[in-house]
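For reference, the structure discussed in these notes is given below.
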Amino acid sequence: MYTRDNYGAFYTLINYVLDIAIGICLTHAYRRFALHRQWNQLPLKRLLYRVVPSILVLAVLYVLLNNIKWYVYWTAIAGEDKDLGQALVYWDPILLTGLRLMSIWILAYHLYHYYQKEVATAQENAQLSILTKQIQLDNLSAQLNPHFLFNSLNSIKSLIEENPSKARRAIDLLSDLLRSSLYETNAELITIKDELALVSDYIELEKLRFEERLSLDITLDPSLELVKIPTLSIQLLVENAIKHGIDKSVKGGIVRLVISQRDDELLISVQNPGKLTARNTKGVGLKNLRERLALQYKTTAACTLTALDDHTVEAQLILPLKTHEDI
């Protein structure tokens, strides 16, 4: 207007301010109406059925308000004689301008709120997922501690008639073991160093029953001592090795524990003498451990049980090493 029609700086500024005022009034009125009707809560498809007619109505109102503005300008300021009826029905190109402006503003407004709602919904779903996962982990942990205690008490029970003095020593060991593990097993993760301390106490408890029939051989890369793993995971594998291997053999044997690194994976291998049977693979402890791994690591962790030969069974735990270092 200023460069093309010589309106002058003052009148150009007045028209500019009035145009802004018209736009703000129309869009603010629409915003109040949409909030009152709770249109932002509607599904996108249902919202479109309301937005399109609204744009048309706002564009027509934009034309009328602009025509009134120009009518006042030409008659009151420019001093020209204009017919009000003709001024009000003038639509080209004001209607197209109104359609363009109202479409841009209304679509941007609703898209912004739709995005905000999607972000809020995603956050709520994420929090709910975390809460559900935590409840599942707590339930599994609650099952794990009684499972460990039950097997320890069974070991003590077998000693009561055979050797009462060893049984008393076993009770002392179990008491110390539970006291030291009480604060550790409440956590989801534990360092390998602390987990091996629990395993050593458990092995000492079991050696009271098995005596020379049970030996534990540990091979550990020292750089992995502070890596965190699921609590009582190694202890469970060692416990299974004793229950399904050493206990079934008259001569007993050696439980070999090897903890190593392969690329970005942590490998925990427990080997024991014995044969792989269907009963070995379907124990509550292993099922519990696999469920915990699925919850904590999705598909990046695994727990397998395989027969290396006719007389050796290997339980292997594979965990993502980088994840543990980050924790």
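What you see below is based on every heavy atom in this structure, not just the backbone, and it leaves out hydrogens, waters and symmetry mates.
The salt bridge (Lys or Arg N to Asp or Glu O under 4.0 Å) contacts involving residues 211-220 comprise K166-E211, D217-R256, where partners must be two or more places apart or lie in separate chains. Applying the salt bridge (Lys or Arg N to Asp or Glu O under 4.0 Å) test to every pair with at least one member in residues 38-57, sequence neighbours left out, gives no pairs at all.
No path of Ile, Leu, Val, Met, Phe, Trp and Tyr side chains, each step under 4.5 Å between heavy atoms, connects Y109 with I104, placing them in separate hydrophobic clusters. Following chains of ILVMFWY side-chain contacts shorter than 4.5 Å, one cannot reach L267 starting from I234, and the two form parts of different hydrophobic clusters. Cluster annotation: L305 and L232 are assigned to the same hydrophobic cluster (Ile/Leu/Val/Met/Phe/Trp/Tyr, side-chain heavy-atom contacts under 4.5 Å, transitive).
A donor-acceptor contact under 3.5 angstrom links the side chains of E314 and S269, judged on distance only. One side chain, Q235 or E239, offers a donor N or O that lies under 3.5 Å from an acceptor on the other. For the 3.5 Å distance criterion, the side chains of D309 and T312 qualify, holding a donor opposite an acceptor. Between the side chains of N15 and T12, no donor-acceptor pair of N or O atoms lies under 3.5 Å.
Between W39 and F33, the ring center distance clears the sub-6.0 Å criterion. Aromatic ring centres of H110 and Y115: separated by at least 6.0 Å.
Closest non-hydrogen pair, Y62 versus T97, comes out as OH-CG2, 3.9 Å. Smallest separation of non-hydrogen atoms from G245 and N272: CA-ND2, 3.5 Å.
Here the CG atom belonging to L58 is positioned 4.5 Å from the CD1 atom belonging to I106, to the nearest 0.5 angstrom. Rounding to the nearest 0.5 Å gives a distance of 11.5 Å between CG of L101 and CD1 of I55. For the atom pair Q316 CD and T304 OG1, the distance stands at 5.0 Å (nearest 0.5 Å). Going from atom CD1 of I242 over to atom CD of E206 covers 5.0 Å, rounded to the nearest 0.5 Å.
Under the salt bridge (Lys or Arg N to Asp or Glu O under 4.0 Å) criterion, R169 pairs with E204, sequence neighbours left out.
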